[in-house]
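In what follows, a structure is listed as structure tokens, so that the remarks can point back to it.
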Amino acid sequence: MDTLHPDLHQLYPEHLATLKARADTALQRGGFDHLVITAGRAPCQFLDDRPYPFAVNPHFKHWLPVTKAPGSWLVYTPGQRPKLAYLQPHDYWHVVPEAPAGYWTPHFDIVIIREAKEARAHLPKDAGRCAIIGEASAALDGFAPNNPQAVLDDLHYQRAYKTLYELALMRVANKIGTRAHRVAEAAFRAGESEFDINIAYMAAARQTDNELPYGNIVALNEHGAVLHYTELGHAPPTHAHSFLIDAGASFHGYASDITRTYAASNAGGFQALIDAVDAAQQDFCAKVRAGQSYPELHIHAHHALAGILKDQGFIRMSAESAVESGVSGVFFPHGLGHLIGLQVHDVAGFQASASGGTLAKPPGHPYLRLTRALEPGMVVTIEPGLYFVDMLLAELKTKPAAKDIDWAKVDTFRKYGGIRIEDDVVCTEAEPENLTRAAFAQVP
Ligand code: GLY
Ligand code: MN
Ligand code: MN
């Protein structure tokens with residue numbers, strides 16, 4: 001897959017230098033001498049010998065593109081080369097992690113260990129001088145993660161600013177995801193079930209569900225109204241009216257997060273509603289600019305989406321009163337988006353500064369995941385939607401605003417479920433870079 005990005009050799013050293021500089025500051029802030037990061041373990045299920053799927057510590061994969069090395073540890077001491085204790089067990093039952101290889105290896109001192117407990121000999125002697133980042137289950141004798149808040153706050157805050165290397169990886173994650181999206185759309189057009197569309201997606205992405213950055217949402221018809229629909233109907237519906245797919249891909253530990261919605265036909269007005277949301281979404285993406293307050297963009301999206309509801313005859317009140325009365329929130333009941341990177345919902349979306357603190361969400365918008373102002377290097381999703389959610393519509397019916405809703409029209413749209421359009425967008429010094437649209441444009 002590196003053939004997609006032959007320049008990683010060139011980009012990685014600057015990424016590593018940035019992480020070292022950030023770690024230097026974070027350690028100073030916390031009063032520690034070493035940053036120690038455990039990849040994590042894969043604990044077994046209760047009363048069973050089957051492990052849960054392994055999910056690597058995001059701090060670990062920030063430093064190196066290794067996502068399948070449970071039991072490995074990374075040590076960084078300011079001024080020194082980082083050290084990797086890499087667990088490659090002697091084991092003929094399982095596939096053991098591959099020997100370290102690739103563009104990042106010349107930058108580390110690597111020791112191979114054969115048992116998890118051997119790592120201790122390669123970690124600093126005095127655990128009290130270490131910021132040890134990871135899950136409690138990774139603890140070794142006398143060496144347990146302490147996750148100091150001051151260090152985490154600093155590292156998490158800085159993580160929002162992606163290096164050129166990280167952006168290159170996220171471009172690839174978008175290329176893989178958009179290719180698979182095209183295949184999924186074709187499967188929908190061919191009348192396949194949610195289950196089979198999902199299989200087609202994973203086959204095209206060449207990723208299993210444990211490798212994907214989150215559980216795919218593959219929703220036909222009214223299932224699109226369930227925001228986190230992760231069931232997979234095995235039989236196609238009698239009539240497929242609509243298809244909402246929220247599915248990403250991973251590359252070297254970085255995520256893409258992509259949603260598209262399709263109408264089965266141009267009749268019935270659903271395609272027109274998709275087109276309007278799509279145009280609004282592109283307008284929001286264009287506002288991903290340095291200095292833009294993300295909560296203000298979210299509120300702007302409420303006004304724009306309420307305008308669409310009015311233009312298309314779902315509501316009779318003004319867009320302003322739809323936002324004020326909470327009607328826009330019935331149809332758009334989630335946040336406009338979030339930071340993305342090593343985790344699909346990346347950390348520190350609410351963080352006021354590198355030393356912590358919280359930027360409050362706007363009142364009445366509890367599901368917004370990002371309250372920071374946008375700055376160059378941040379990657380955010382822009383994912384507006386309009387949905388016909390039975391539960392929320394039933395509540396709205398009991399409110400005074402109900403008289404200004406065209407319920408007959410709303411009822412004819414319940415069978416479509418909803419619309420979401422989601423791209424991953426980089427804030428730069430100038431024009432935003434839409435990773436997802438650029439990748440879709442390159443799919444044959
Ligand atoms: N796929 C989860 C989200 O869009 O946030
Ligand atoms: Mn998202
Ligand atoms: Mn998504």
Side-chain angles (χ1 to χ4, degrees), residues 45 52-53 176-250 255-275 277-278 330-334 344-345 367 381 383-394 409-423 436 440 443:
Q45 297 174 32
Y52 286 106
I176 300 168
T178 50
R179 254 186 343 224
H181 266 259
R182 287 270 196 254
V183 171
E185 183 197 353
F188 160 65
R189 304 264 179 225
E192 293 188 14
S193 67
E194 292 165 346
F195 182 88
D196 288 311
I197 296 170
N198 189 51
I199 295 283
Y201 183 95
M202 291 197 297
R206 315 296 302 159
Q207 298 186 7
T208 64
D209 29 11
N210 289 337
E211 293 166 322
L212 291 169
Y214 57 90
N216 288 348
I217 295 169
V218 177
L220 294 171
N221 296 348
E222 66 279 2
H223 295 158
V226 182
L227 297 183
H228 283 168
Y229 177 81
T230 51
E231 306 293 308
L232 289 168
H234 283 241
T238 317
H239 294 290
H241 304 291
S242 63
F243 175 42
L244 185 156
I245 174 166
D246 183 344
S250 304
S256 60
D257 182 6
I258 303 168
T259 309
R260 287 295 182 267
T261 309
Y262 304 98
S265 84
N266 283 332
F270 191 58
Q271 184 62 52
L273 193 58
I274 294 174
D275 292 343
V277 174
D278 189 67
V330 170
F331 294 93
F332 175 39
H334 59 72
V344 64
H345 296 152
Y367 301 115
T381 67
E383 48 179 307
L386 287 176
Y387 309 84
F388 301 91
V389 181
D390 287 342
M391 183 184 107
L392 301 179
L393 292 171
K409 173 140 186 155
V410 165
D411 286 343
T412 62
F413 274 68
R414 288 181 200 258
K415 64 177 179 289
Y416 301 117
I419 297 167
R420 181 164 62 257
I421 315 274
E422 176 175 30
D423 293 341
T436 309
F440 266 122
V443 184

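Throughout, residue positions are numbered sequentially from 1 according to the sequence presented.
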Walk me through it: do Met202 and Val183 pass the test side-chain contact (heavy atoms from CB on, under 4.5 Å)? CA-CA 10 Å; Met202 291 197 297; Val183 171; over 6 Å; no
Residues forming a side-chain contact (heavy atoms from CB on, under 4.5 Å) with Ser265, sequence neighbours excluded: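 Testing Ser265 for side-chain contact (heavy atoms from CB on, under 4.5 Å), a comparison that skips the adjacent residues, returns Ala267.
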For Ser242, check side-chain contact (heavy atoms from CB on, under 4.5 Å) against everything at least two apart and list the hits.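 Once residues adjacent in sequence are excluded, the partners of Ser242 under the side-chain contact (heavy atoms from CB on, under 4.5 Å) criterion are Asn221, Phe270, Tyr416.
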With rounding to the nearest 0.5 angstrom, report the [atom1] to [atom2] distance, [X] to [Y].
| X | Y | atom1 | atom2 | answer |
| --- | --- | --- | --- | --- |
| Glu194 | Ile245 | CD | CD1 | 10.5 Å |
| Asp257 | His345 | CG | NE2 | 6.0 Å |
| Glu222 | Asp390 | CD | CG | 8.5 Å |
| Leu386 | Ile421 | CG | CD1 | 10.0 Å |
| Glu231 | Asn198 | CD | CG | 12.0 Å |
| His241 | Arg414 | NE2 | CZ | 14.5 Å |

Checking side-chain contact (heavy atoms from CB on, under 4.5 Å) for the pair Arg182/Phe440: CA distance, chi angles, key distance, verdict? CA-CA 8 Å; Arg182 287 270 196 254; Phe440 266 122; 3.6 Å; yes
Do you know which two heavy atoms are closest between [X] and [Y], and how far apart they sit?
| X | Y | answer |
| --- | --- | --- |
| Pro236 | Ser193 | N-CB, 3.6 Å |
| Ala187 | Ala200 | CB-CB, 4.2 Å |
| Ser250 | Glu211 | OG-O, 2.7 Å |
| Ala247 | Asn216 | CB-OD1, 3.3 Å |
| Pro333 | Leu392 | CB-CD1, 3.7 Å |
| Gly215 | Thr230 | O-CG2, 4.3 Å |

Kindly determine whether Leu244 and Ile419 satisfy side-chain contact (heavy atoms from CB on, under 4.5 Å), including the steps that lead there. CA-CA 7 Å; Leu244 185 156; Ile419 297 167; 5.8 Å; no
Answer yes or no: does atom NE2 of His234 have more than 12 heavy-atom neighbours from other residues, nucleotides or ligands under 6.0 Å?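 Check passes, neighbour count above 12.
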Please check this pair: side chain of Arg189 against backbone of Ala184, looking for a donor-acceptor N/O pair closer than 3.5 Å.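 No, Arg189 side chain to Ala184 backbone: no donor-acceptor pair under 3.5 Å.
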Quick one, His181 with Val443, criterion side-chain contact (heavy atoms from CB on, under 4.5 Å). Give me CA distance, side-chain angles, the key distance, then yes/no. CA-CA 10 Å; His181 266 259; Val443 184; over 6 Å; no
Taking the six-membered ring for Trp, are His334 and Tyr367 ring centroids under 6.0 Å apart?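 Centroid distance His334-Tyr367: not below 6.0 Å, so no.
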Taking the inter-plane angle between the rings of Phe331 and Phe388 on a 0 to 90° scale, is it parallel (under 30°), tilted (30 to 60°) or perpendicular (over 60°)?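 Correct class here is perpendicular.
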A side-chain contact here means heavy atoms from C-beta on lying under 4.5 Å apart; do Met391 and Val330 qualify?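 Met391 does not reach Val330 side chain to side chain.
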Sub-4.5 Å side-chain heavy-atom contact between Val277 and Thr261: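 Heavy-atom side-chain distance check fails, nothing below 4.5 Å.
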